[in-house]
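Quantities reported herein were computed from a predicted structural model and do not represent experimental measurements. Naming convention: chains lettered A, B, ... in sequence-line order (proteins, then strands); numbering from 1 in each chain. All heavy atoms count here, side chains included; hydrogens, waters and symmetry mates do not.
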Amino acid sequence: MKELFQLFFSFARIGGFTFGGGYAMLPMLQKEIVEKYGWVTEDELMDYYAIGQCTPGIIAVNTATFVGYKLKRVPGAIVATLGVIAPSIVIITLIAAFLQNFAELAVVKHAFNGIRAAVCVLIFNAVTKLAKKSVIDKVTLGICIVVVVLSMFTSVSPAIMVILAGGAGYLAKRLNRQEGEK
Amino acid sequence: MGELLQLAFEFFKTGLFAVGGGLATLPFLYAMGEKTGWFTSTDVADMIAISESTPGPMGINMATYVGFASFGIVGALVGPLALVLPSLIVIVLISQILNKFKESQVVQDVFYGLRPASTGLIIAAGIGVARIALLYEDVFAQTRDIFQLFNYKGILLAVGIYILTNNKKIKPHPILVIVIAAVLGIIFKF
(Lines give C-alpha, C1' and ligand atoms only; values in the text may rest on other atoms or scores of the structure.)
Protein backbone atom coordinates (compact mmCIF):
# COMPACT_ATOMS: atom_id res chain seq x y z
CA MET A 1 0.00 0.00 0.00
CA LYS A 2 2.80 2.37 0.93
CA GLU A 3 4.50 1.71 -2.38
CA LEU A 4 1.29 2.54 -4.26
CA PHE A 5 1.19 5.92 -2.51
CA GLN A 6 4.84 6.51 -3.37
CA LEU A 7 4.10 5.55 -6.95
CA PHE A 8 1.19 7.97 -7.16
CA PHE A 9 3.02 10.94 -5.67
CA SER A 10 6.21 10.27 -7.56
CA PHE A 11 4.34 10.34 -10.85
CA ALA A 12 2.26 13.31 -9.74
CA ARG A 13 5.54 15.20 -9.14
CA ILE A 14 6.73 14.16 -12.58
CA GLY A 15 3.44 15.16 -14.26
CA GLY A 16 3.34 18.46 -12.40
CA PHE A 17 6.79 19.53 -13.53
CA THR A 18 6.98 18.19 -17.06
CA PHE A 19 7.11 21.14 -19.42
CA GLY A 20 7.17 20.49 -23.15
CA GLY A 21 5.91 17.01 -23.86
CA GLY A 22 6.77 13.43 -23.05
CA TYR A 23 10.46 13.68 -23.85
CA ALA A 24 10.93 16.48 -21.34
CA MET A 25 9.85 13.96 -18.72
CA LEU A 26 13.07 12.00 -19.13
CA PRO A 27 15.29 13.96 -16.70
CA MET A 28 12.56 13.73 -14.06
CA LEU A 29 12.05 9.99 -14.64
CA GLN A 30 15.77 9.36 -14.35
CA LYS A 31 15.97 11.24 -11.08
CA GLU A 32 12.79 9.94 -9.44
CA ILE A 33 12.32 6.36 -10.57
CA VAL A 34 15.82 5.25 -11.59
CA GLU A 35 18.11 7.07 -9.14
CA LYS A 36 15.90 7.78 -6.14
CA TYR A 37 13.70 4.69 -5.91
CA GLY A 38 15.49 2.24 -8.24
CA TRP A 39 12.14 1.02 -9.57
CA VAL A 40 13.41 0.46 -13.10
CA THR A 41 16.80 0.49 -14.82
CA GLU A 42 17.92 2.99 -17.44
CA ASP A 43 17.70 0.25 -20.08
CA GLU A 44 14.09 -0.49 -19.19
CA LEU A 45 13.28 3.20 -19.37
CA MET A 46 14.58 3.35 -22.95
CA ASP A 47 12.57 0.27 -23.87
CA TYR A 48 9.41 1.86 -22.47
CA TYR A 49 10.02 5.04 -24.43
CA ALA A 50 10.56 3.10 -27.64
CA ILE A 51 7.46 0.95 -27.20
CA GLY A 52 5.44 3.97 -26.07
CA GLN A 53 6.14 5.50 -29.49
CA CYS A 54 4.39 2.71 -31.38
CA THR A 55 1.44 2.12 -29.11
CA PRO A 56 -1.65 4.30 -28.92
CA GLY A 57 -1.79 7.10 -26.40
CA ILE A 58 0.55 9.65 -24.91
CA ILE A 59 4.18 8.69 -24.33
CA ALA A 60 4.30 10.17 -20.82
CA VAL A 61 1.23 8.17 -19.83
CA ASN A 62 2.44 4.98 -21.50
CA THR A 63 5.76 5.17 -19.65
CA ALA A 64 3.96 5.69 -16.33
CA THR A 65 1.75 2.67 -17.01
CA PHE A 66 4.78 0.50 -17.81
CA VAL A 67 6.62 1.46 -14.63
CA GLY A 68 3.51 1.04 -12.48
CA TYR A 69 2.78 -2.37 -13.93
CA LYS A 70 6.34 -3.54 -13.41
CA LEU A 71 6.15 -2.62 -9.73
CA LYS A 72 2.63 -3.50 -8.69
CA ARG A 73 0.89 -5.12 -11.66
CA VAL A 74 -2.54 -3.75 -12.63
CA PRO A 75 -3.12 -1.66 -9.47
CA GLY A 76 0.32 -0.12 -9.97
CA ALA A 77 -0.40 0.62 -13.64
CA ILE A 78 -3.64 2.41 -12.71
CA VAL A 79 -2.13 4.35 -9.81
CA ALA A 80 0.92 5.55 -11.78
CA THR A 81 -1.27 6.61 -14.70
CA LEU A 82 -3.65 8.52 -12.44
CA GLY A 83 -0.65 10.11 -10.73
CA VAL A 84 0.86 11.46 -13.92
CA ILE A 85 -2.43 12.98 -15.14
CA ALA A 86 -3.72 14.32 -11.79
CA PRO A 87 -1.74 17.62 -11.76
CA SER A 88 -2.85 18.42 -15.32
CA ILE A 89 -6.49 17.90 -14.47
CA VAL A 90 -6.29 20.17 -11.42
CA ILE A 91 -4.18 22.91 -13.05
CA ILE A 92 -6.09 23.05 -16.33
CA THR A 93 -9.48 23.04 -14.61
CA LEU A 94 -8.40 25.99 -12.43
CA ILE A 95 -7.05 27.89 -15.42
CA ALA A 96 -10.08 27.17 -17.59
CA ALA A 97 -12.36 28.31 -14.78
CA PHE A 98 -10.54 31.46 -13.64
CA LEU A 99 -7.79 32.50 -16.02
CA GLN A 100 -8.99 32.38 -19.59
CA ASN A 101 -6.17 34.67 -20.77
CA PHE A 102 -3.49 32.66 -18.92
CA ALA A 103 -1.32 31.99 -21.98
CA GLU A 104 -1.20 35.72 -22.82
CA LEU A 105 -0.01 36.85 -19.38
CA ALA A 106 3.46 38.42 -19.63
CA VAL A 107 4.65 36.76 -16.44
CA VAL A 108 3.70 33.32 -17.79
CA LYS A 109 5.54 33.97 -21.03
CA HIS A 110 8.71 35.10 -19.24
CA ALA A 111 8.63 32.11 -16.91
CA PHE A 112 8.17 29.78 -19.84
CA ASN A 113 11.01 31.19 -21.86
CA GLY A 114 13.25 30.64 -18.85
CA ILE A 115 11.93 27.12 -18.30
CA ARG A 116 12.54 26.19 -21.94
CA ALA A 117 16.21 27.14 -21.72
CA ALA A 118 16.52 24.92 -18.65
CA VAL A 119 14.56 22.05 -20.18
CA CYS A 120 16.86 21.73 -23.18
CA VAL A 121 19.87 21.49 -20.86
CA LEU A 122 18.09 18.90 -18.68
CA ILE A 123 17.21 16.84 -21.77
CA PHE A 124 20.80 17.12 -22.98
CA ASN A 125 22.15 15.86 -19.64
CA ALA A 126 19.65 13.02 -19.51
CA VAL A 127 20.22 11.88 -23.06
CA THR A 128 24.03 11.81 -22.81
CA LYS A 129 23.57 9.39 -19.92
CA LEU A 130 21.22 7.23 -21.98
CA ALA A 131 23.43 7.31 -25.06
CA LYS A 132 26.32 5.77 -23.16
CA LYS A 133 24.21 2.66 -22.71
CA SER A 134 22.34 2.55 -26.01
CA VAL A 135 24.92 3.72 -28.54
CA ILE A 136 27.54 1.04 -28.04
CA ASP A 137 28.84 0.16 -31.51
CA LYS A 138 28.69 1.15 -35.19
CA VAL A 139 25.21 -0.29 -35.79
CA THR A 140 23.61 1.50 -32.85
CA LEU A 141 25.45 4.74 -33.67
CA GLY A 142 24.11 4.48 -37.23
CA ILE A 143 20.54 3.89 -36.04
CA CYS A 144 20.74 6.85 -33.66
CA ILE A 145 22.07 9.27 -36.30
CA VAL A 146 19.51 8.18 -38.90
CA VAL A 147 16.67 8.68 -36.41
CA VAL A 148 17.90 12.17 -35.42
CA VAL A 149 18.23 13.25 -39.06
CA LEU A 150 14.86 11.79 -40.09
CA SER A 151 13.03 13.39 -37.19
CA MET A 152 14.61 16.78 -37.82
CA PHE A 153 14.21 16.98 -41.58
CA THR A 154 11.28 14.75 -42.53
CA SER A 155 7.85 13.99 -41.17
CA VAL A 156 8.35 10.22 -40.93
CA SER A 157 6.30 8.97 -38.00
CA PRO A 158 8.36 8.04 -34.90
CA ALA A 159 6.38 4.78 -34.74
CA ILE A 160 7.69 3.74 -38.16
CA MET A 161 11.26 4.67 -37.20
CA VAL A 162 11.09 2.64 -34.00
CA ILE A 163 9.69 -0.42 -35.78
CA LEU A 164 12.38 -0.25 -38.50
CA ALA A 165 15.10 0.23 -35.88
CA GLY A 166 13.91 -2.85 -34.02
CA GLY A 167 14.04 -4.85 -37.26
CA ALA A 168 17.51 -3.50 -38.04
CA GLY A 169 18.76 -4.42 -34.57
CA TYR A 170 17.44 -7.94 -34.93
CA LEU A 171 18.99 -8.42 -38.39
CA ALA A 172 22.35 -6.97 -37.36
CA LYS A 173 22.57 -9.28 -34.34
CA ARG A 174 21.60 -12.32 -36.40
CA LEU A 175 24.12 -11.58 -39.16
CA ASN A 176 26.72 -11.05 -36.48
CA ARG A 177 26.09 -14.45 -34.96
CA GLN A 178 26.16 -16.15 -38.37
CA GLU A 179 29.53 -14.52 -39.04
CA GLY A 180 30.74 -15.77 -35.69
CA GLU A 181 29.71 -19.34 -36.46
CA LYS A 182 31.64 -19.45 -39.72
CA MET B 1 -25.80 11.90 -19.47
CA GLY B 2 -25.99 10.85 -23.11
CA GLU B 3 -23.66 13.66 -24.08
CA LEU B 4 -21.20 12.74 -21.33
CA LEU B 5 -21.10 9.19 -22.67
CA GLN B 6 -20.42 10.61 -26.10
CA LEU B 7 -17.59 12.73 -24.65
CA ALA B 8 -16.09 9.63 -23.06
CA PHE B 9 -16.47 7.69 -26.29
CA GLU B 10 -14.88 10.44 -28.42
CA PHE B 11 -11.85 10.68 -26.13
CA PHE B 12 -11.54 6.92 -25.86
CA LYS B 13 -11.39 6.82 -29.67
CA THR B 14 -8.75 9.58 -29.70
CA GLY B 15 -6.66 7.71 -27.14
CA LEU B 16 -6.91 4.54 -29.15
CA PHE B 17 -5.92 5.97 -32.53
CA ALA B 18 -3.58 8.87 -31.74
CA VAL B 19 -0.17 7.22 -31.84
CA GLY B 20 2.85 9.27 -30.78
CA GLY B 21 2.02 11.93 -28.28
CA GLY B 22 0.10 15.13 -27.69
CA LEU B 23 0.30 16.66 -31.15
CA ALA B 24 -1.13 13.47 -32.65
CA THR B 25 -4.38 14.20 -30.80
CA LEU B 26 -4.88 17.51 -32.64
CA PRO B 27 -6.55 16.23 -35.83
CA PHE B 28 -8.93 14.22 -33.66
CA LEU B 29 -9.82 17.30 -31.61
CA TYR B 30 -10.58 19.39 -34.70
CA ALA B 31 -12.80 16.62 -36.03
CA MET B 32 -14.51 16.26 -32.65
CA GLY B 33 -15.29 19.99 -32.49
CA GLU B 34 -16.75 20.01 -35.98
CA LYS B 35 -18.84 16.92 -35.43
CA THR B 36 -20.30 17.75 -32.04
CA GLY B 37 -20.26 21.55 -31.98
CA TRP B 38 -18.90 21.49 -28.40
CA PHE B 39 -16.07 23.86 -29.34
CA THR B 40 -14.73 25.71 -32.39
CA SER B 41 -11.33 25.55 -34.07
CA THR B 42 -10.51 28.92 -32.44
CA ASP B 43 -11.14 27.26 -29.09
CA VAL B 44 -8.67 24.55 -30.09
CA ALA B 45 -6.04 27.23 -30.80
CA ASP B 46 -6.61 28.68 -27.30
CA MET B 47 -6.36 25.19 -25.84
CA ILE B 48 -3.03 24.59 -27.55
CA ALA B 49 -1.66 27.86 -26.16
CA ILE B 50 -2.78 26.98 -22.64
CA SER B 51 -1.66 23.34 -22.87
CA GLU B 52 1.78 24.45 -23.98
CA SER B 53 2.13 26.94 -21.15
CA THR B 54 1.21 24.54 -18.36
CA PRO B 55 3.01 21.49 -17.03
CA GLY B 56 1.93 17.97 -17.87
CA PRO B 57 1.41 15.94 -21.03
CA MET B 58 -0.20 18.09 -23.70
CA GLY B 59 -2.78 15.49 -24.69
CA ILE B 60 -4.05 15.30 -21.12
CA ASN B 61 -4.14 19.09 -20.83
CA MET B 62 -6.20 19.34 -24.02
CA ALA B 63 -8.62 16.61 -22.92
CA THR B 64 -9.14 18.34 -19.57
CA TYR B 65 -9.68 21.73 -21.21
CA VAL B 66 -12.14 20.37 -23.78
CA GLY B 67 -13.96 18.39 -21.12
CA PHE B 68 -14.22 21.39 -18.81
CA ALA B 69 -15.23 23.82 -21.58
CA SER B 70 -17.99 21.46 -22.71
CA PHE B 71 -19.28 19.88 -19.48
CA GLY B 72 -17.67 21.55 -16.45
CA ILE B 73 -15.81 19.66 -13.72
CA VAL B 74 -17.35 16.29 -14.61
CA GLY B 75 -16.16 16.74 -18.18
CA ALA B 76 -12.69 17.71 -16.95
CA LEU B 77 -12.52 14.29 -15.24
CA VAL B 78 -14.21 12.20 -17.92
CA GLY B 79 -12.15 13.58 -20.85
CA PRO B 80 -8.63 12.70 -19.67
CA LEU B 81 -9.70 9.42 -18.02
CA ALA B 82 -11.33 8.23 -21.24
CA LEU B 83 -8.25 9.36 -23.16
CA VAL B 84 -5.82 7.24 -21.12
CA LEU B 85 -8.02 4.14 -20.81
CA PRO B 86 -7.04 2.55 -24.18
CA SER B 87 -3.31 2.98 -23.61
CA LEU B 88 -3.65 1.68 -20.06
CA ILE B 89 -5.18 -1.53 -21.40
CA VAL B 90 -2.71 -1.86 -24.30
CA ILE B 91 0.38 -1.23 -22.15
CA VAL B 92 -0.73 -3.73 -19.49
CA LEU B 93 -1.17 -6.35 -22.23
CA ILE B 94 2.23 -5.56 -23.74
CA SER B 95 3.86 -5.71 -20.31
CA GLN B 96 2.43 -9.18 -19.76
CA ILE B 97 3.72 -10.38 -23.12
CA LEU B 98 7.13 -8.80 -22.50
CA ASN B 99 7.45 -10.43 -19.10
CA LYS B 100 6.90 -13.79 -20.73
CA PHE B 101 9.44 -13.30 -23.52
CA LYS B 102 11.96 -11.07 -21.74
CA GLU B 103 14.71 -13.66 -21.90
CA SER B 104 14.13 -14.56 -25.54
CA GLN B 105 16.99 -13.80 -27.87
CA VAL B 106 14.68 -12.27 -30.49
CA VAL B 107 13.28 -9.72 -28.02
CA GLN B 108 16.77 -8.84 -26.81
CA ASP B 109 18.00 -8.35 -30.38
CA VAL B 110 15.03 -6.12 -31.19
CA PHE B 111 15.69 -4.00 -28.11
CA TYR B 112 19.32 -3.65 -29.14
CA GLY B 113 17.95 -1.72 -32.17
CA LEU B 114 15.13 0.05 -30.32
CA ARG B 115 17.31 1.69 -27.67
CA PRO B 116 19.45 3.86 -29.99
CA ALA B 117 16.25 4.82 -31.88
CA SER B 118 14.67 5.93 -28.63
CA THR B 119 17.85 7.91 -27.83
CA GLY B 120 17.75 9.52 -31.29
CA LEU B 121 14.13 10.60 -30.88
CA ILE B 122 14.95 12.25 -27.56
CA ILE B 123 17.99 14.02 -29.05
CA ALA B 124 15.80 15.38 -31.86
CA ALA B 125 13.20 16.56 -29.35
CA GLY B 126 15.92 18.26 -27.31
CA ILE B 127 17.24 20.03 -30.41
CA GLY B 128 13.67 21.17 -31.12
CA VAL B 129 13.35 22.73 -27.66
CA ALA B 130 16.83 24.28 -27.94
CA ARG B 131 15.95 25.97 -31.25
CA ILE B 132 12.93 27.63 -29.66
CA ALA B 133 14.67 28.47 -26.40
CA LEU B 134 18.05 29.67 -27.63
CA LEU B 135 17.49 31.03 -31.15
CA TYR B 136 15.24 33.64 -32.76
CA GLU B 137 14.89 31.87 -36.09
CA ASP B 138 11.85 33.91 -37.15
CA VAL B 139 13.61 37.22 -36.52
CA PHE B 140 16.68 35.96 -38.36
CA ALA B 141 14.57 34.89 -41.35
CA GLN B 142 13.38 38.50 -41.73
CA THR B 143 16.51 40.50 -40.92
CA ARG B 144 19.23 38.06 -42.06
CA ASP B 145 21.36 39.58 -39.32
CA ILE B 146 23.38 36.80 -37.69
CA PHE B 147 23.65 38.76 -34.42
CA GLN B 148 19.89 38.73 -34.08
CA LEU B 149 19.70 34.95 -34.43
CA PHE B 150 20.83 34.21 -30.89
CA ASN B 151 18.78 34.60 -27.76
CA TYR B 152 21.65 35.76 -25.55
CA LYS B 153 19.70 35.69 -22.29
CA GLY B 154 18.50 32.16 -23.02
CA ILE B 155 21.98 30.94 -23.94
CA LEU B 156 23.48 32.51 -20.81
CA LEU B 157 20.86 30.83 -18.63
CA ALA B 158 21.39 27.48 -20.41
CA VAL B 159 25.15 27.67 -19.81
CA GLY B 160 24.57 28.52 -16.15
CA ILE B 161 22.15 25.62 -15.74
CA TYR B 162 24.60 23.30 -17.47
CA ILE B 163 27.35 24.22 -15.03
CA LEU B 164 24.98 23.88 -12.07
CA THR B 165 23.58 20.48 -13.12
CA ASN B 166 26.95 18.97 -13.98
CA ASN B 167 28.49 19.86 -10.65
CA LYS B 168 29.07 16.52 -8.93
CA LYS B 169 28.61 17.99 -5.44
CA ILE B 170 25.26 19.72 -5.95
CA LYS B 171 23.29 17.49 -8.36
CA PRO B 172 20.07 19.52 -8.02
CA HIS B 173 16.69 17.90 -8.59
CA PRO B 174 15.21 18.78 -12.03
CA ILE B 175 12.20 20.34 -10.27
CA LEU B 176 14.48 22.80 -8.45
CA VAL B 177 16.22 23.64 -11.72
CA ILE B 178 12.89 24.37 -13.42
CA VAL B 179 11.71 26.57 -10.55
CA ILE B 180 14.98 28.55 -10.62
CA ALA B 181 14.71 28.99 -14.40
CA ALA B 182 11.10 30.19 -14.12
CA VAL B 183 11.99 32.72 -11.44
CA LEU B 184 14.98 34.04 -13.40
CA GLY B 185 12.80 34.18 -16.53
CA ILE B 186 10.30 36.39 -14.70
CA ILE B 187 12.91 38.64 -13.01
CA PHE B 188 14.94 39.26 -16.15
CA LYS B 189 11.91 39.35 -18.50
CA PHE B 190 12.98 36.58 -20.87
Hey, any chance A/Ile136 and B/Ile122 share a hydrophobic cluster, counting ILVMFWY side chains that come within less than 4.5 Å of each other, even indirectly?
-> yes

Heavy-atom closest pair (B/Pro55 atom, A/Ile91 atom, distance to 0.1 Å) is CG-CD1, 3.6 Å

Is chain A contacted by the side chain of B/Ala69, its backbone, both, or neither, given a heavy-atom distance below 4.5 Å?
-> neither

Count the heavy atoms belonging to other residues, nucleotides or ligands that lie under 6.0 Å from CZ of A/Arg73, then report whether that count exceeds 12.
-> yes

In terms of heavy-atom pairs under 4.5 Å with chain A, the winner among B/Val179, B/Ile60, B/Ile161, B/Val177 is B/Ile60

If two hydrophobic side chains count as joined below 4.5 Å and joins carry through other members, does A/Ile143 share a cluster with B/Val106?
-> yes

Donor + acceptor pair across side chains of A/Asp137, B/Tyr112 (<3.5 Å) = yes

Residue A/Glu32 versus chain B: region with a heavy atom under 4.5 Å = side chain

Chain B contact via A/Val121 - side chain, backbone, both or neither, heavy atoms under 4.5 Å = side chain

A/Ser88 side chain to B/Asn61 main-chain N or O, any donor-acceptor pair under 3.5 Å?
-> no

Would a hydrophobic clustering, with Ile, Leu, Val, Met, Phe, Trp and Tyr connected at side-chain separations under 4.5 Å, put A/Val139 with A/Leu141?
-> yes

Okay, B/Leu164 and chain A: the region with an atom under 4.5 Å from a heavy atom over there is neither

Would the number of heavy atoms belonging to other residues, nucleotides or ligands and lying under 6.0 Å from CD of B/Gln6 be above 12?
-> yes

Listed by residue number, which members of residues 136-160 of chain B have a heavy atom under 4.5 Å from any heavy atom of chain A?
-> B/Gly154, B/Leu157, B/Ala158

Run the side chain to side chain contact (heavy atoms under 4.5 Å, CB included) check on A/Asn125 and B/Tyr162 step by step: do they pass?
-> CA-CA 8 Å; A/Asn125 289 340; B/Tyr162 181 82; 3.6 Å; yes

Residue pair A/Thr140 / B/Pro116: nearest heavy atoms and the distance that separates them = O-CB, 3.3 Å

Closest non-hydrogen contact found for A/Ile89 with B/Ala76 is CG2-O, 3.8 Å

Quick one: does A/Lys133's side chain get under 4.5 Å of B/Arg115's, heavy atoms only?
-> no

Would you call A/Tyr49 and B/Thr119 a side-chain contact if the rule is heavy atoms closer than 4.5 Å?
-> no

For each of B/Ile50, B/Leu88, B/Val90, tally heavy-atom pairs with chain A at distances under 4.5 Å, and name the one with the top tally.
-> B/Leu88

Interface residue of largest heavy-atom contact number with chain A, from B/Ser87, B/Gly128, B/Pro80, under 4.5 Å | B/Ser87

Using non-hydrogen atoms only, which part of B/Phe68 is less than 4.5 Å away from chain A: side chain, backbone, both, or neither?
-> side chain

Give, as side chain, backbone, both or neither, the part of A/Leu82 having an atom under 4.5 angstrom from any heavy atom of chain B.
-> side chain

Distance from B/Leu114 atom CG to A/Cys54 atom SG, nearest 0.5 Å?
-> 7.0 Å

Top of A/Leu150, A/Val107, A/Leu130 for chain B proximity - count of heavy-atom pairs under 4.5 angstrom | A/Val107

Around A/Lys36, counting heavy atoms of other residues, nucleotides and ligands shown, do more than 12 lie under 6.0 Å from its NZ?
-> yes

For B/Ile127, is it the side chain, the backbone, both or neither that has a heavy atom under 4.5 Å from a heavy atom of chain A?
-> side chain

May I have the step-by-step check of side chain to side chain contact (heavy atoms under 4.5 Å, CB included) for B/Thr54 and A/Phe102, ending in yes or no?
-> CA-CA 9 Å; B/Thr54 42; A/Phe102 179 79; 3.7 Å; yes

OG (B/Ser118) and CG (A/Asp47) are apart, to the nearest 0.5 Å, by 8.0 Å

Under 4.5 Å to a heavy atom of chain B? For A/Ala126 that would be neither

One should read off an interatomic distance between A/Phe66 CZ and B/Ile94 CD1, to the nearest 0.5 angstrom, of 5.0 Å

Turns out that what part of A/Val61 lies under 4.5 Å from chain B's heavy atoms comes down to side chain

Please state whether the side chain, the backbone, both or neither of B/Gln105 comes within less than 4.5 Å of a heavy atom of chain A.
-> side chain

State yes or no: do B/Met32 and B/Val74 share one hydrophobic cluster built from I, L, V, M, F, W and Y residues joined by side-chain heavy-atom distances below 4.5 Å, directly or via other members?
-> yes

About how many Å separate CD1 of B/Ile175 and NZ of A/Lys31, when rounded to the nearest 0.5 Å?
-> 10.5 Å

For A/Ile85 and B/Leu83, what are the C-alpha separation, side-chain angles and deciding distance, and is it a side chain to side chain contact (heavy atoms under 4.5 Å, CB included)?
-> CA-CA 11 Å; A/Ile85 67 174; B/Leu83 183 73; over 6 Å; no

Co-membership, hydrophobic cluster, residues B/Tyr65 and B/Phe71, 4.5 Å side-chain | yes

Are more than 12 heavy atoms from other residues, nucleotides or ligands located less than 6.0 Å from atom OH of B/Tyr30?
-> yes

Tell me, side chain or backbone of B/Leu85 under 4.5 Å from chain A's heavy atoms, or both, or neither?
-> neither

Toward chain B, the part of A/Val74 with a non-hydrogen atom under 4.5 Å | side chain

For residues A/Val119 and B/Val129, report the shortest heavy-atom separation together with the two atoms involved.
-> CG1-CG1, 4.3 Å

Pair B/Asp109 + A/Arg174, salt bridge at N-O below 4.0 Å = no

In residues 183-190 of chain B, which residues are in contact with chain A at a heavy-atom separation under 4.5 Å?
-> B/Gly185, B/Ile186, B/Lys189, B/Phe190

Give the C-alpha distance, both sets of side-chain angles, the deciding distance and a yes or no for side chain to side chain contact (heavy atoms under 4.5 Å, CB included) between A/Tyr69 and B/Ile91.
-> CA-CA 9 Å; A/Tyr69 184 85; B/Ile91 297 290; 5.9 Å; no

Which pair of non-hydrogen atoms, one from B/Ala133 and one from A/Ala117, has the smallest distance, and what is that distance?
-> CB-N, 3.7 Å

With a 4.5 angstrom heavy-atom cut-off, could you sort out which part of B/Ile180 is near chain A: side chain, backbone, both or neither?
-> neither

Between B/Leu121 and A/Met161, is any pair of side-chain heavy atoms under 4.5 Å apart?
-> yes

Of A/Ile51, A/Leu26, A/Leu99, the largest count of non-hydrogen pairs under 4.5 angstrom with chain B goes to A/Ile51

Rounded distance [0.5 Å steps], NZ in A/Lys173 versus CZ in B/Phe111 = 14.0 Å

Do A/Met28 and B/His173 come close enough that some side-chain heavy atom pair is under 4.5 Å?
-> yes

Between B/Ile178 and A/Phe17, what is the shortest heavy-atom contact and its length?
-> CD1-O, 3.4 Å

When rounded to the nearest 0.5 angstrom, what is the spacing between CE in B/Met62 and CD1 in A/Ile58?
-> 10.0 Å

